[in-house]
Amino acid sequence: MSFTKKKLKIPYSEPSFHYSPSPYYSSTHYDWQKKVRAFVEKEMMPFIDKWEEKQDFPSDLHDKAYKAGIYGAMYPAEYGGTPPKDFDPFHDLIMVDELSRTGCGGVLW
């Protein structure tokens, strides 16, 4: 498992699996969280305020997310999905949690 206990700058500012191991999470969950967070930090956070003002986000965001392997992640690969290895519902929870860090509901639904 790739769990690394870390001290948070702001207590309880991250989901509990960041600072205490979860019996439900394997290394694929931690890897998935890092992958989704990296995408959100690079491709979304710098632009989110502008998108909120326009009340829209660029259509190429879908392509970027698909190429990064996070768009359609909840669908089987045989149908064009990009699920993480050993996909289970906890991967979906991790994705929603990371996307919600933007504070923009429009990217969630």
Side-chain angles (χ1 to χ4, degrees):
M1 186 178 331
S2 61
F3 169 77
T4 305
K5 189 169 185 159
K6 60 182 173 181
K7 177 107 170 124
L8 300 174
K9 292 179 185 177
I10 302 171
Y12 307 106
S13 61
E14 295 282 1
S16 63
F17 71 85
H18 283 280
Y19 52 87
S20 66
S22 169
Y24 305 106
Y25 284 18
S26 68
S27 61
T28 65
H29 296 98
Y30 295 103
D31 293 344
W32 177 245
Q33 183 271 331
K34 288 176 189 171
K35 181 179 190 173
V36 177
R37 181 166 291 192
F39 180 83
V40 168
E41 291 293 325
K42 180 182 178 194
E43 300 292 345
M44 298 176 78
M45 293 299 278
F47 314 107
I48 208 74
D49 290 334
K50 187 176 11 171
W51 298 345
E52 282 283 289
E53 276 181 27
K54 290 173 61 177
Q55 297 182 350
D56 197 11
F57 56 88
S59 59
D60 71 333
L61 185 63
H62 295 281
D63 294 331
K64 289 179 182 180
Y66 188 81
K67 288 175 186 166
I70 65 169
Y71 189 77
M74 304 310 120
Y75 299 103
E78 57 267 20
Y79 296 109
T82 57
K85 184 180 178 201
D86 300 327
F87 171 77
D88 65 26
F90 290 109
H91 289 94
D92 190 27
L93 291 173
I94 291 168
M95 187 161 92
V96 170
D97 183 64
E98 291 301 319
L99 288 173
S100 67
R101 295 179 78 243
T102 64
C104 176
V107 299
L108 288 170
W109 318 113

Please find the pair of heavy atoms, one from [X] and one from [Y], that lie closest to each other, and give the distance.
X	Y	value
Thr102	Met44	CG2-CE, 4.2 Å
Ala73	Pro84	O-CD, 3.9 Å
Arg101	Met45	O-CE, 3.8 Å
Leu99	Val40	CD2-CG2, 3.9 Å

Tyr30 vs Lys35 side-chain heavy atoms within contact, under 4.5 Å: no
Report the distance from atom [atom1] of [X] to atom [atom2] of [Y], rounding to the nearest 0.5 Å.
X	Y	atom1	atom2	answer
Ser59	Lys64	OG	NZ	10.0 Å
His62	Lys67	NE2	NZ	13.5 Å
Asp31	Ser26	CG	OG	8.0 Å
Leu93	Tyr24	CG	OH	12.5 Å
Glu43	Ile48	CD	CD1	12.0 Å
Phe47	Lys42	CZ	NZ	9.5 Å

Are [X] and [Y] linked, directly or through other ILVMFWY residues, by side chains that come within less than 4.5 angstrom of each other?
X	Y	answer
Val36	Val96	yes
Trp32	Phe90	yes
Tyr71	Phe39	no

Donor-acceptor pair, side chain of Tyr66 and main chain of Thr82, under 3.5 angstrom: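 The answer is no, because no donor-acceptor pair under 3.5 Å joins these two groups.
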His29 ring center within less than 6.0 Å of Phe87 ring center: no
Tyr25/His91 under ring-ring contact (aromatic ring centres under 6.0 Å, His included): CA gap, chis, key distance, verdict: CA-CA 9 Å; Tyr25 284 18; His91 289 94; 8.0 Å; no
side-chain contact (heavy atoms from CB on, under 4.5 Å) between Gln33 and Met95, intermediate numbers included: CA-CA 7 Å; Gln33 183 271 331; Met95 187 161 92; over 6 Å; no
Criterion side-chain contact (heavy atoms from CB on, under 4.5 Å) on Trp51 and Leu61, from CA distance to verdict: CA-CA 11 Å; Trp51 298 345; Leu61 185 63; 3.9 Å; yes
